[in-house]
Amino acid sequence: MVTTRTPLMAGNWKMNFNHLQAIAFVQKLAWTLKDAGHDYEEVEAAVFPPFTDIRSVQTIVDADKLKLGYGAQDLSQHDSGAYTGDVSGEFLAQLGAKYVLVGHSERRTLHDETDEVCRAKVNAAVRHGLVPVLCVGESLEQRESLEDPASVSVEQLKAGLADVQAGAEVVIAYEPVWAIGTGEVATSEQAQEVCASIRRAVSELLGEEAAANVRILYGGSVKPGNVASIMREPDIDGALVGGASLSVEDFSSIIRYRSHVGV
Ligand code: PGA
């Protein structure tokens, strides 16, 4: 099957940058990419700022007609009502957000988000026209003790996408928990193996066409120095970048991985 998956480089800022810092960062990133002649049709780029920055990012993107995408790091599973502190997907869609992360390991561990909650959040995202970026991945203990560590991601994927229809756009991010923020990156072979299992699971769940079209990102200590080898793997269609997405120099270099020597 011929595929036309456009790579996606996604910058997860986590709880970094206030709205003024966000404006400065996005402007500098856009200039840097423009100077380098970056073609967003070739490699898509998006940032995932804290909620409080999204309106500011939208203003810059609209005013300067930037092709940079943006999304949120979380959303409520509900649409509106008595959910103090939560943010509806409807509000995010109103702010022009295209994507929203669901089930990042920090949400799963620090906020006890279960697979059931993730499923409800994926559904809420789709309901509001947002593209959910469902994050899956095994812990160090699971990697060391399980015969097939990919099964953790596959189970999380099946649970998260259980109600999704074949036509809906979703992105999957495989992030081994032991590689997040640790500097310890999965080898490209390890990442490929799990991403291939994920694609097979999408095929079983949503059909071959959905599996051919779904973008699967790798996340966990992605840096300018390792992105090119990760991107050479056939089932990896981009990266979810944490720490390195906070530096214009590093993130723009990751987005421009095709210009790296030897790629
Ligand atoms: P990292 O984070 O790139 O800092 O490892 C990745 C993530 O948590 O999305």
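In listed order, ligands and their atoms are each counted from 1. All heavy atoms count here, side chains included; hydrogens, waters and symmetry mates do not.
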**Request:** Group every Ile, Leu, Val, Met, Phe, Trp and Tyr by side-chain heavy-atom contacts under 4.5 Å, then state whether Phe48 and Val122 land in the same group.
**Result:** no
Report task. Give a yes/no on ligand 1: does Ala179 have at least one heavy atom closer than 4.0 angstrom to it? Result -> yes
Under 4.0 Å from one or more heavy atoms of His104, ligand 1 contributes atoms 7 (C), 8 (O), 9 (O)
Margin query: Measuring from non-hydrogen atoms of Gly220 to any atom of ligand 1, is the shortest distance under 4.0 Å?
Written below: yes
Original post:
So Phe17 and Phe25, would you call those rings parallel, tilted or perpendicular, with 30° and 60° as cut-offs?
Top reply: tilted
Quick note on ligand 1: atoms under 4.0 Å from a heavy atom of Asn12 include exactly 9 (O)
Heavy-atom proximity to atom 5 (O) of ligand 1 ranks first, among Gly242, Gly243, Gly181, for Gly181
One finds that the ligand 1 atoms under 4.0 Å from a non-hydrogen atom of Glu175 are 6 (C), 7 (C), 8 (O), 9 (O)
Counting from 1 in the order shown, the ligand 1 atoms closer than 4.0 Å to a non-hydrogen atom of Ser221 are 1 (P), 3 (O), 5 (O)
Taking distance alone, with no angle check, do Lys14 and ligand 1 share an N/O pair under 3.5 Å?
yes
Using side-chain contact (heavy atoms from CB on, under 4.5 Å), reason through Lys158 and Glu204 one step at a time and then give a plain yes or no.
CA-CA 10 Å; Lys158 284 185 181 160; Glu204 282 162 26; 4.3 Å; yes
Discussion item. Salt bridge check, Glu169 against Arg215: does any charged N sit closer than 4.0 Å to a carboxylate O?
Written reply: yes
Exercise for review: Step through the shown structure and confirm whether more than 12 heavy atoms of other residues, nucleotides or ligands are within 6.0 Å of CD on Glu249.
Suggested key: no
Is it the case that the side chains of His260 and Ser253 hold a donor-acceptor pair, with the cut-off being a distance below 3.5 Å and no angle test? yes
